[in-house]
Amino acid sequence: MTTAVIVFPASNCDRDAAMALKAATGKAPRMIWHKDTSIPDDVRFVVVPGGFSYGDYLRSGAIAANSPIMRDLKRKADGGLAVAGICNGFQILTEAGMLPGALMRNMNQKFVCRVSRLRLANAETRFTRLYDAKNEIDIPVAHHDGNYFADDETLKRIEDNGQVVFRYSDNPNGSRNDIAGVVNKAGNVLGMMPHPERAINSLHGGTDGKLFFQSILGSL
């Protein structure tokens, strides 16, 4: 199976994502530069990685959301391509209008870097189907702008639609409704602030991220 990782200037988790995809598929993903204009047709799953694209100047993810490759990513996602945005990737997908809501500065105005406990809010998505619905998982977080915000109407809509996938048990950033990850209405695009690619090996201190990649890749 062919997968891909989008690489932006200053991405710092693209190689971590590539290692996670290779571990899950046995095949190295394609690394697609942000100035490319098309995603190869044989790619079945794309990761928009964490990092600090463009140094997070202007607003986290705002510049990367307008990179040339994003036009084809949006077009293919509208056609059903599976996409996951992790941390800065989540910010990029909200800035691109591919996911609802926005990521604001953490409520305490401080960078947070630690393992966070998550609750599975929806274990029936393509990204979580191998997790036990009642399970809690430990996934690292590392961000300064992870405070998920949506207006009341949007929040009610995504809650009613089951689009909230992960919630923090410890809410490290002030996110509304403890939201750590959401999917689009179609269920093929996910964004999350925690880093599952940093939890695929016991040497990382945990392996709760493995089922994330195995879930989505097994659904393709």
Side-chain angles (χ1 to χ4, degrees), residues 1-8 11 13-51 53 61-103 122-131 158 161-166 180-197 200 209-220:
M1 179 185 302
T2 302
T3 61
V5 179
I6 307 296
V7 182
F8 300 93
S11 292
C13 298
D14 47 348
R15 303 297 162 178
D16 295 341
M19 290 180 65
L21 290 171
K22 185 176 181 180
T25 66
K27 180 180 177 181
R30 293 174 182 265
M31 306 301 284
I32 300 178
W33 183 234
H34 73 113
K35 284 191 174 181
D36 291 344
T37 56
S38 66
I39 296 167
D41 290 338
D42 63 342
V43 170
R44 306 284 301 282
F45 175 51
V46 175
V47 173
V48 184
S53 57
I63 300 176
N66 289 284
S67 288
I69 195 62
M70 293 301 294
R71 286 191 288 274
D72 197 49
L73 183 66
K74 286 194 280 187
R75 185 179 69 81
K76 285 189 166 68
D78 288 343
L81 176 67
V83 178
I86 299 170
C87 197
N88 194 215
F90 188 11
Q91 296 159 350
I92 293 168
L93 295 183
T94 58
E95 291 285 344
M98 295 174 65
L99 287 171
L103 283 308
N122 186 345
E124 297 180 357
T125 76
R126 297 171 62 178
F127 299 88
T128 54
R129 63 190 184 89
L130 296 182
Y131 287 111
I158 65 175
N161 289 341
Q163 290 176 241
V164 178
V165 180
F166 298 109
V182 299
V183 288
N184 65 346
K185 189 174 181 180
N188 64 303
V189 179
L190 175 141
M192 61 188 296
M193 287 308 298
H195 287 266
E197 80 279 15
I200 63 166
K210 290 177 67 175
L211 289 179
F212 173 84
F213 291 98
Q214 292 171 356
S215 291
I216 182 60
L217 292 168
S219 76
L220 300 176

Where do Phe45 and Thr25 land on the side chain to side chain contact (heavy atoms under 4.5 Å, CB included) test, with the steps shown first? CA-CA 11 Å; Phe45 175 51; Thr25 66; over 6 Å; no

Any chance you could lay out the side chain to side chain contact (heavy atoms under 4.5 Å, CB included) test for Thr3 and Phe213, step after step, and finish with the verdict? CA-CA 11 Å; Thr3 61; Phe213 291 98; over 6 Å; no

Evaluate the criterion side chain to side chain contact (heavy atoms under 4.5 Å, CB included) for residue pair Met1 and Lys27; output intermediate values, then yes/no. CA-CA 7 Å; Met1 179 185 302; Lys27 180 180 177 181; over 6 Å; no

For a side chain to side chain contact (heavy atoms under 4.5 Å, CB included) check, start with the C-alpha distance between Leu81 and Arg75, then their side-chain angles and the critical distance, and finish with the verdict. CA-CA 9 Å; Leu81 176 67; Arg75 185 179 69 81; over 6 Å; no

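Taking Arg30 as the reference, Asp42 meet the salt bridge (charged side-chain N to carboxylate O under 4.0 Å, His left out) condition, with sequence neighbours excluded. Legend: residues meeting side chain to side chain contact (heavy atoms under 4.5 Å, CB included) with Met19, ordered by chain and number and at least two apart, are absent. Remark: Arg15 pairs with no residue by the salt bridge (charged side-chain N to carboxylate O under 4.0 Å, His left out) rule, at least two apart or across chains. Partners of Ile158 according to the side chain to side chain contact (heavy atoms under 4.5 Å, CB included) rule, which considers only residues two or more places apart in sequence or in another chain, are Pro100, Tyr148, Thr154, Leu155, Gln163, Val164, Ile179, Val182. Residues satisfying the salt bridge (charged side-chain N to carboxylate O under 4.0 Å, His left out) criterion with Lys76, sequence neighbours excluded, are Asp41, Asp72.
Pairs passing the side-chain hydrogen bond (donor to acceptor under 3.5 Å, both in side chains) check and including a residue from residues 183-197, sequence neighbours excluded, read Asn184-Asn188, His195-Glu197.
Using a 4.5 Å cut-off on side-chain heavy atoms (C-beta onward), Met70 and Ile92 make contact. Counting heavy atoms from C-beta outward, Ile216 and Leu190 have side chains that stay 4.5 Å or more apart. With a 4.5 Å cut-off on side-chain heavy atoms, Val48 and Phe8 count as touching. Between Thr2 and Pro40, the closest side-chain pair of non-hydrogen atoms is not below 4.5 Å. A heavy-atom distance below 4.5 Å is not found between the side chains of Arg44 and Leu217. Pro196 has its side chain within reach of Ile86: a pair of non-hydrogen atoms, C-beta onward, lies under 4.5 Å apart.
In this structure a side-chain-to-backbone donor-acceptor pair under 3.5 Å is missing from Ser11 to Val7. Using a distance-only test at 3.5 Å, with no hydrogens or angles considered, a donor-acceptor pair links the side chain of Thr125 to the main chain of Phe127. Under a 3.5 Å cut-off, the side chain of Ser215 and the backbone N or O of Leu130 do form a donor-acceptor pair. Put simply, the side chain of Thr128 gets close to the backbone of Asn122: a donor and an acceptor are under 3.5 Å apart.
Nearest heavy atoms, Asn88 versus Gly61: ND2-N, 3.8 Å. Residue Ser219 comes nearest to Arg129 through the heavy atom pair N-NH2, 3.3 Å, listed as atom of the first residue, atom of the second, then distance. Nearest approach of Gly51 to Cys13, heavy atoms of both residues: N-SG, 4.2 Å. Ala64 and Ser53 make their closest contact through CB-OG, 3.5 Å (heavy atoms, listed as atom of the first residue, atom of the second, distance). In terms of heavy-atom proximity, Cys87 sits nearest to Gly50 at CB-CA, 4.1 Å.
If you take OG on Ser67 and NE2 on His34, they are separated by 5.5 Å, rounding to the nearest 0.5 Å. Distance check: Ile6 CD1 to Ile32 CD1 gives 4.5 Å after rounding to the nearest 0.5 Å. Here CG of Leu103 is found 10.0 Å from CG of Leu93. Values are rounded to the nearest 0.5 Å. The NZ atom of Lys74 sits 12.0 Å away from the CD1 atom of Ile69 when rounded to the nearest 0.5 Å. The structure places CG of Leu21 at 9.0 Å from CE of Met31, a figure rounded to the nearest 0.5 Å. A distance of 11.5 Å separates NZ in Lys22 from CD1 in Ile200, rounded to the nearest 0.5 Å.
Ring geometry for Tyr131 against Phe166 counts as perpendicular: the plane angle is over 60°, on a 0 to 90° scale with 30° as the lower cut.
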